[in-house]
Amino acid sequence: CSASAINCVHLTEMLKDMCIFAAWVHGDPRKVIYPTDSYGQFCGQKDTLNENKTILFYFNILKCASPVVLINLQCPTTQLCVSKCPDRFATYIDVQASYRYKPDQWNYFRQFCKPGFNNPRKSVAQVLRDEDCPSMIIPSRPFLKRCFPDFSTKNGVLTVANQTTFKDGRGKTRNVTDLREAANGINNVLDARSVGMKIFEDYAISWYWILIGLFIAMIVSLLFLVLLRFTAGVLFWIFIFGVIGIIGYGIWHCYWEYDHLKGIPGSDLTVYDIGFQTDFRVYLQLRQTWLAFMIMLCVVEVIIILMLIFLRNRIRIAIALLKEGSRAIGYIMSTLFYPIVTFILIAICISYWAVTAVFLATSGEPVYKVMANQTLCKYANLTCDPETFNTTNVTKLCPGAQCTFAFYGGESLYHKYIFIFQLANAFVFLWLVNFAIALGQCTLAGAFASYYWASRKPADIPLWPLFSSFGRAIRYHTGSLAFGALILAIVQLIRVILEYLDHKLKAFYVLKTVHEFCNSFTRFLLCCLKCCFWCLEKFLKFINRNAYIMIAIYGKNFCTSAKEAFFLLMRNVVRVAVLDKVTDFLLFLGKILVAGGVGVLAFFFFTQRIPVFAQEAPTLNYYWVPLLTVIIGSYLVAHGFFSVYAMCVDTLFLCFCEDLERNDGSTAKPYFMSASLHRILGKKELSPKKAVG
């Protein structure tokens with residue numbers, strides 16, 4: 001285990017360097033930034049013929065179904081880079097017929113033809129067959145660096161430049177509604193753009209107040225943690241007695257309904273007598289239903305009361321540990337801001353993964369395919385070479401066929417394994433993220449452990465405990481943390497692969513290309529595997545978290561620490577369960593209180609319902625934009641603070657269990673626990689034999 005941990009960092013660096021080298025050597029992010037014409041050239045790229053042609057123009061927009069096809073796939077029409085979109089209706093037939101006495105119209109139209117084409121004497125049929133020029137141009141405007149028709153709605157009628165009809169350049173007058181399928185998608189995109197601009201304006205106006213709201217959330221979260229030492233027990237018992245009271249009311253209500261239905265015809269029937277009914281209200285008319293509800297609620301009530309009776313001492317210990325955690329944070333306030341370090345490290349990991357993934361995704365070479373106007377052309381969609389295409393017989397067998405750019409890819413050995421490189425990139429990303437989280441957990445555990453094992457608190461707490469713990473984790477425990485992160489990253493990568501397989505196999509489920517039994521068995525097997533690996537990931541996260549605490553306390557390797565932490569927790573399994581549930585409830589309640597309280601305050605402020613600040617509140621397009629931002633941000637701020645608190649409680653709990661097993665409270669082996677925990681244990685539990693929960 002130690003040797004493996006030592007080599008983990010070196011293996012991470014090797015995988016990272018391999019992905020970066022392959023991606024950055026072969027990748028080209030310009031393929032994402034710039035649109036590409038039918039010749040595989042970038043629109044707007046500097047030092048090229050298209051430097052001043054930044055917009056992509058489609059010869060026949062009618063062949064494109066939606067803007068999604070235009071952006072992500074290849075529309076089956078010639079595409080050229082232009083400097084500006086057309087601003088008028090025109091057809092090639094009309095322009096060619098009048099080019100002698102209206103040269104300006106010809107010069108305007110031919111800028112949307114293939115570069116170098118200037119032969120108005122060529123027959124219209126040949127021009128349209130060879131797609132030297134578009135058959136028509138329509139008023140358009142650039143969006144996403146592509147020319148989209150300038151759609152608008154006038155009195156509920158779809159128009160283009162205030163016209164409802166246009167000539168298609170092939171002798172027909174068509175209605176704008178022929179573009180409805182494309183228009184609907186384009187209008188949705190344009191509407192989304194308008195909404196996006198309004199949201200951006202709202203953020204630009206209210207960002208200052210959003211930051212104030214998040215600052216208030218930070219202060220409230222801090223106060224909640226500080227006050228937990230006084231309110232943890234009160235909040236917990238209020239909740240418990242509230243649950244008991246609600247269940248008690250439910251029992252009384254079920255008995256009242258049961259007694260009220262007495263003597264009503266049909267109420268004495270059983271569920272078996274009436275069978276299955278789609279209207280579940282029928283069952284509420286049966287006395288048997290309410291009797292069953294009453295019995296179930298009584299059982300739950302008795303179980304809760306018995307648990308409180310038999311686990312009352314362990315609940316008191318859990319509450320005392322929560323209070324002790326609040327006290328520890330009060331002495332080491334710097335730990336509350338460590339999540340910022342983890343956030344920065346994870347942001348760096350995400351940036352590395354995203355940049356490398358983009359380079360890998362754009363590392364293909366231009367692939368050209370035959371685009372034919374004839375649907376029966378046998379060469380359609382086959383790959384071709386634009387340099388030798390005119391020397392082949394494809395144009396003879398398929399008049400009008402062209403060799404146009406299709407997508408970026410390749411058939412080389414490297415391009416066949418791009419998916420493997422993407423998986424390696426994802427694996428390194430998961431590994432680095434888990435390592436950043438592990439580093440944070442080990443650092444916090446070391447700081448809080450130094451608090452617990454101090455004989456006199458706070459006098460014996462080391463100076464700068466957080467920074468000292470961070471230095472120890474970096475200097476001595478990097479290999480162990482990387483090894484634990486490696487195990488977790490492997491499981492997470494398997495889950496990613498299972499999700500990918502499930503997504504790919506859905507096509508077979510829909511098309512039923514395999515036997516129905518095989519479909520059902522495959523779905524069942526995938527579901528079981530996904531469930532098993534989800535459970536395994538949760539278990540490993542729990543083990544790793546406690547292993548990092550033991551690493552911070554004793555400085556042993558990962559495997560030894562994980563084993564000792566696991567058996568220590570198993571010897572105190574009841575205390576673990578009680579502490580976990582009590583902590584989860586109080587922290588969840590704190591998150592809801594912080595996010596809800598700040599959210600209510602933000603709602604009244606942004607809707608100008610606070611008279612004192614009515615003049616200060618900004619005028620917004622959508623008040624819910626900053627409101628949701630404040631609520632979600634407040635929840636994340638509270639989660640950041642409370643994650644430190646949860647780590648503190650877990651660390652103190654393991655230290656508490658170790659303290660009970662290593663010491664007996666005598667003068668030679670005194671307890672390091674606080675006086676409150678010592679009082680709760682009492683004299684009966686001061687013996688090492690009764691230290692097991």
Side-chain angles (χ1 to χ4, degrees), residues 207 209-229 231-232 235 322 324-351 432-449 451 465-467 469-470 473 481 485 488 541-542 544-546 548-549 552 580 582-602 626-653:
W207 68 270
W209 298 104
I210 292 175
L211 292 180
I212 293 178
L214 297 180
F215 179 76
I216 294 175
M218 183 182 69
I219 298 300
V220 174
S221 301
L222 181 60
L223 290 176
F224 184 84
L225 292 180
V226 173
L227 294 176
L228 269 181
R229 74 174 71 177
T231 60
L235 290 176
L322 290 172
E324 192 69 16
S326 177
R327 189 176 294 108
I329 290 178
Y331 289 130
I332 315 176
M333 293 291 292
S334 58
T335 56
L336 290 174
F337 301 96
Y338 185 84
I340 298 176
V341 177
T342 303
F343 173 80
I344 294 174
L345 293 176
I346 293 178
I348 294 173
C349 295
I350 294 175
S351 301
L432 292 177
V433 168
N434 287 317
F435 177 79
I437 295 174
L439 178 62
Q441 292 175 344
C442 187
T443 299
L444 292 174
F448 294 126
Y451 163 83
L466 181 65
F467 297 103
S469 178
F470 181 79
L481 300 180
L488 191 56
K541 285 183 176 179
F542 176 77
N544 284 11
R545 182 183 180 92
N546 291 280
Y548 299 147
I549 295 175
D580 184 64
V582 172
T583 305
D584 287 346
F585 161 70
L586 289 180
L587 295 186
F588 175 76
L589 180 62
K591 294 175 186 177
I592 296 300
L593 289 176
V594 172
V598 177
V600 170
L601 180 63
L627 177 62
L628 288 179
T629 304
V630 169
I631 293 176
I632 297 174
S634 299
Y635 184 86
L636 294 177
V637 169
H639 177 75
F641 278 99
F642 295 165
S643 64
V644 174
Y645 183 76
M647 195 67 198
C648 176
V649 173
D650 290 344
T651 303
L652 295 181
F653 176 71

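Atoms considered below: every heavy atom in the structure, side chains included; atoms not considered: hydrogens, waters and symmetry mates. The first residue of the sequence shown is numbered 1, and numbering continues consecutively from there.
- The shortest side-chain heavy-atom distance between F448 and T443 does not fall under the 4.5 Å cut-off.
- The shortest distance between side-chain heavy atoms of L439 and F470 falls below 4.5 Å.
- The line from CZ of F435 to SG of C349 is 9.5 Å long, rounded to the nearest 0.5 Å.
- Counting heavy atoms from C-beta outward, L444 and S469 have side chains that stay 4.5 Å or more apart.
- Between the side chain of Y645 and the backbone N or O of L587, no donor-acceptor pair lies under 3.5 Å.
- Considering CG of L488 and CG of N544, their distance stands at 5.5 Å, rounded to 0.5 Å.
- To the nearest 0.5 Å, atom CG of residue L345 and atom CG of residue L432 are 10.0 Å apart.
- Distance CD1/I212 to CH2/W207: 9.0 Å, rounded to 0.5 Å.
- I346 approaches A436 most closely through the heavy-atom pair CG1-CB, 4.2 Å.
- Take E324 and apply the side-chain hydrogen bond (donor to acceptor under 3.5 Å, both in side chains) test, not counting sequence neighbours, and it matches R327, Y451, S674.
- Under the side chain to side chain contact (heavy atoms under 4.5 Å, CB included) test applied with V341, the options Y338, F343, F337 reduce to a single match, Y338.
- We find the CD1-SG distance between I329 and C648 to be 4.5 Å, quoted to the nearest 0.5 Å.
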Got a list of side-chain donor-acceptor pairs under 3.5 Å for residues 629-641, not counting sequence neighbours?
unit_1 : atom_1 : unit_2 : atom_2 : d
T629   : OG1    : Y203   : OH     : 2.7
T629   : OG1    : V625   : O      : 2.7
S634   : OG     : V630   : O      : 2.6
H639   : ND1    : K591   : NZ     : 3.0

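- Rounding to the nearest 0.5 Å places CE of M218 at 10.5 Å from CG of L223.
- Partner of I216 under the side chain to side chain contact (heavy atoms under 4.5 Å, CB included) criterion, out of V594, L211, L601: L601 alone.
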**OP:** Could you go through the side chain to side chain contact (heavy atoms under 4.5 Å, CB included) check for V220 and L593 one step at a time?
**Re:** CA-CA 9 Å; V220 174; L593 289 176; over 6 Å; no
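- In this structure, the side chains of N434 and L481 stay at 4.5 Å or more apart for every pair of heavy atoms.
- The two residues A447 and T335 have their closest heavy-atom pair at CB-CG2, 4.2 Å.
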**OP:** Let me see the working for F224 and F642 under ring-ring contact (aromatic ring centres under 6.0 Å, His included), right down to the final yes or no.
**Re:** CA-CA 10 Å; F224 184 84; F642 295 165; 5.5 Å; yes
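- Between the side chain of T651 and the main chain of M647, a donor-acceptor pair closer than 3.5 Å is present.
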